[in-house]
Amino acid sequence: MATEASGWEVDPSDEWGVAVITTVGRQLRLRREAMGLSAAELGEAIGYGEDLVYKIEGGKRIPRPEYLDRADGALRADGLLSAMKEDVAKVRYPKKERALAELEARAVEMQLYEPLNIHGLLQTPEYARGLFLMRRPVYTQDEVERYVTGRIARKAVFDRNPAPELSFVLEEWTLRRPLGGREVLRRQLEHLLDLAELRHVELQMMPLASVDHVGLAGGVEVFKFEDGSAVGRSQAVSDGSSVTGPRQLRILELRYGILRTQALTPGETTDAIRRLLSET
């Protein structure tokens, strides 16, 4: 019998997500009642507890993909319930991660600098999990898994065709800190070397010994789109909110451009990461 871990909590502040899960739950309940089954009988048929069935039907829990597949079979829905997995999958990801994924999915060029840790798009699942486990107040295990799942799902951007141009500036100290343990760091460094081989990806490391550093005020993210428009984000310029105004975008692009000139070249960065890997 599956446990409560077979679903995720719904974020009440995520209005779109609440609406989707409420609709999915209602469809599940209507289908079950049309088949003349009680919640307990459906739960027994698909291997879940009666309480979880009620929570999912009431829009209180996000069903996992296997739940929808099993319910589809038990309720003879001919794929209608399984087809809901796509929308449900989007709700599983935290609202912030989903908003970022939407920007990344549209962008033809991205300029990304994260001063505190390795950028989310570059993280391995193990590194991301170690990062979320360090947060205070602590996340529940359910929250950690949701954040990790959402973050790793965003990596689909590397497989897009045509591929977007991706530029990252990384801080050397983030490549040295063994977050989650030295083996986790080794796999993370190996992953960076793999990504550096992609023709549309450029990694540049800001060395600890650098005398000049224009990014000390905070991270920079600039997303450019096919129609010539752009969206920028920076804690220093806009408190982390998205900006589209020419003046604010000019400031962000100026800072990012200078950051690139102060950082190592992509080739020098690859060599530096290999050295760090040999030392780890």
If I compare all heavy atoms of Gly130 with all of Met134, which pair ends up nearest, and what's the gap? O-CG, 3.0 Å
Would Arg106 and Glu102 pass as an ion pair if we require N to O under 4.0 Å? no
Taking Ser229's backbone N and O only, do any of them form a donor-acceptor pair with Asp227's side chain (distance below 3.5 Å, no angle check)? yes
Side chain to side chain contact (heavy atoms under 4.5 Å, CB included) evaluation trace for Glu183 with Thr280: CA-CA 8 Å; Glu183 190 56 39; Thr280 302; over 6 Å; no
Determine the minimum heavy-atom distance between Ala39 and Tyr54, stating which atoms define it. CB-CZ, 3.5 Å
Test item: Leu166 and Leu195 side chains (from C-beta on) under 4.5 Å apart, heavy atoms: no
Nearest heavy-atom approach of Val53 to Gly43 is CG2-CA, 3.9 Å
Evaluate the side-chain proximity of Lys60 to Ile56: yes if any heavy-atom separation is below 4.5 Å, no if none is. no
Within a strict 4.5 Å, meaning less than it, do heavy atoms of the Asp69 and Lys85 side chains meet? yes
Should the heavy atoms of other residues, nucleotides or ligands under 6.0 Å from CZ of Arg135 be counted, would the total exceed 12? yes
Single-linkage hydrophobic cluster, 4.5 Å side-chain cutoff, Leu249 and Phe223 together: no
Checking side chain to side chain contact (heavy atoms under 4.5 Å, CB included) for the pair Leu259/His213: CA distance, chi angles, key distance, verdict? CA-CA 7 Å; Leu259 269 172; His213 195 325; 3.7 Å; yes
Could you note down all residue pairs passing salt bridge (charged side-chain N to carboxylate O under 4.0 Å, His left out) where residues 264-278 supplies at least one of them, sequence neighbours left out? Asp271-Arg274
Quick check: is Val243 connected to Val231 through a chain of hydrophobic side chains (ILVMFWY, heavy atoms under 4.5 Å apart)? no
In Å and rounded to the nearest 0.5 Å, what is the CD to CZ distance from Gln188 to Arg177? 14.5 Å
Close side-chain approach of Leu28 and Leu81, heavy atoms under 4.5 Å: yes
For Val91, is there any backbone N or O sitting under 3.5 Å from a side-chain donor or acceptor partner on Trp16? no
Between atom CG of Leu68 and atom CG of Leu80, what is the distance when rounded to the nearest 0.5 Å? 12.0 Å
Side chain Thr269, main chain Met205, donor-acceptor under 3.5 Å: yes
Val237-Ile258 co-clustered via ILVMFWY side chain contacts under 4.5 Å: yes
By ring-ring contact (aromatic ring centres under 6.0 Å, His included), Tyr127 pairs with (sequence neighbours left out) none
Answer yes or no: is there a side-chain heavy-atom contact under 4.5 Å between Leu100 and Glu221? yes
Is there a side-chain contact between Arg70 and Tyr48, using heavy atoms and a 4.5 Å cut-off? yes
Here the salt bridge (charged side-chain N to carboxylate O under 4.0 Å, His left out) pairs for residues 18-32, sequence neighbours left out, are Arg29-Glu33, Arg32-Glu57
Using a 3.5 Å distance criterion without hydrogens, assess whether the side chain of Glu41 forms a donor-acceptor pair with backbone atoms of Ser38. yes
Under the rule for side-chain contact (heavy atoms from CB on, under 4.5 Å), what residues qualify as partners of Arg136, not counting sequence neighbours? Val138
Determine whether the side chains of Thr140 and Asp142 contain a donor N or O and an acceptor N or O closer than 3.5 Å. no
Taking only residues at least two apart or on different chains, which pairs with a member in residues 147-161 satisfy salt bridge (charged side-chain N to carboxylate O under 4.0 Å, His left out)? Glu97-Arg151, Glu97-Arg154, Glu104-Arg154
Non-hydrogen atoms of Ser242 and Arg233 that approach each other most closely: OG-CG, 3.8 Å
Given side-chain hydrogen bond (donor to acceptor under 3.5 Å, both in side chains), test Glu171 with Tyr113 step by step and report yes or no. CA-CA 9 Å; Glu171 289 289 346; Tyr113 165 63; 2.6 Å; yes
Tell me every residue that passes side-chain contact (heavy atoms from CB on, under 4.5 Å) with Val108, counting only those two or more places apart in sequence or in another chain. Glu226
Quick check: do Leu179 and Asn117 have side-chain heavy atoms less than 4.5 Å from each other? no
Which other residues end up in the same hydrophobic cluster as Ile152, if Ile, Leu, Val, Met, Phe, Trp and Tyr are linked when side-chain heavy atoms come under 4.5 Å apart? Phe132, Leu133, Tyr139, Val144, Tyr147, Val148
Could you work out, with side chain to side chain donor-acceptor pair (under 3.5 Å) as the rule, every residue matching Arg176, not counting sequence neighbours? Glu172
Minimum heavy-atom distance Asp72-Gly79, with the two atoms named: OD1-N, 2.9 Å
Measure the spacing between CE of Met206 and CG of Asp212 and express it to the nearest 0.5 Å. 8.5 Å
Considering only residues two or more places apart or on different chains, which pairs with a residue in residues 195-210 satisfy salt bridge (charged side-chain N to carboxylate O under 4.0 Å, His left out)? Glu202-Arg260
Step by step, would you call Val88 with Tyr67 a side chain to side chain contact (heavy atoms under 4.5 Å, CB included)? CA-CA 11 Å; Val88 170; Tyr67 182 99; over 6 Å; no
Just so I know, are the side chains of Leu203 and Thr270 near enough to count as touching, which here means a heavy-atom distance under 4.5 Å? no
Suppose clustering is done on Ile, Leu, Val, Met, Phe, Trp and Tyr with side-chain heavy atoms closer than 4.5 Å. Which residues sit in the same group as Val211? none
From CA spacing to verdict: side chain to side chain contact (heavy atoms under 4.5 Å, CB included), Val169, His119: CA-CA 9 Å; Val169 175; His119 192 278; over 6 Å; no
Just verifying a value: how many Å separate Leu112 CG and Leu122 CG, rounded to the nearest 0.5 Å? 8.0 Å
By side-chain contact (heavy atoms from CB on, under 4.5 Å) - contacts of Glu109 (at least two apart): Gln111, Glu165, Lys224
Looking at Glu279, I want to see if its CD is surrounded by more than 12 non-hydrogen atoms of other residues, nucleotides or ligands under 6.0 Å. yes
With rounding to the nearest 0.5 Å, note down the distance linking CD in Glu190 to CZ in Arg186. 5.5 Å
List for me each residue that meets side-chain contact (heavy atoms from CB on, under 4.5 Å) alongside Ala236, sequence neighbours excluded, and say none if there are none. Ala217, Ser234, Arg255
Do Ile118 and Leu189 share a hydrophobic cluster (ILVMFWY, side-chain heavy atoms under 4.5 Å, transitive)? yes
Would you compute the distance between atom CG of Leu277 and atom CD1 of Ile273 and round it to the nearest 0.5 angstrom? 9.5 Å
Tell me whether Met35 is reachable from Leu30 by hopping between hydrophobic residues (I, L, V, M, F, W, Y) whose side-chain heavy atoms are closer than 4.5 Å. no
Looking only at non-hydrogen atoms, find the nearest pair between Pro164 and Ala107 and report the distance. CB-O, 3.5 Å
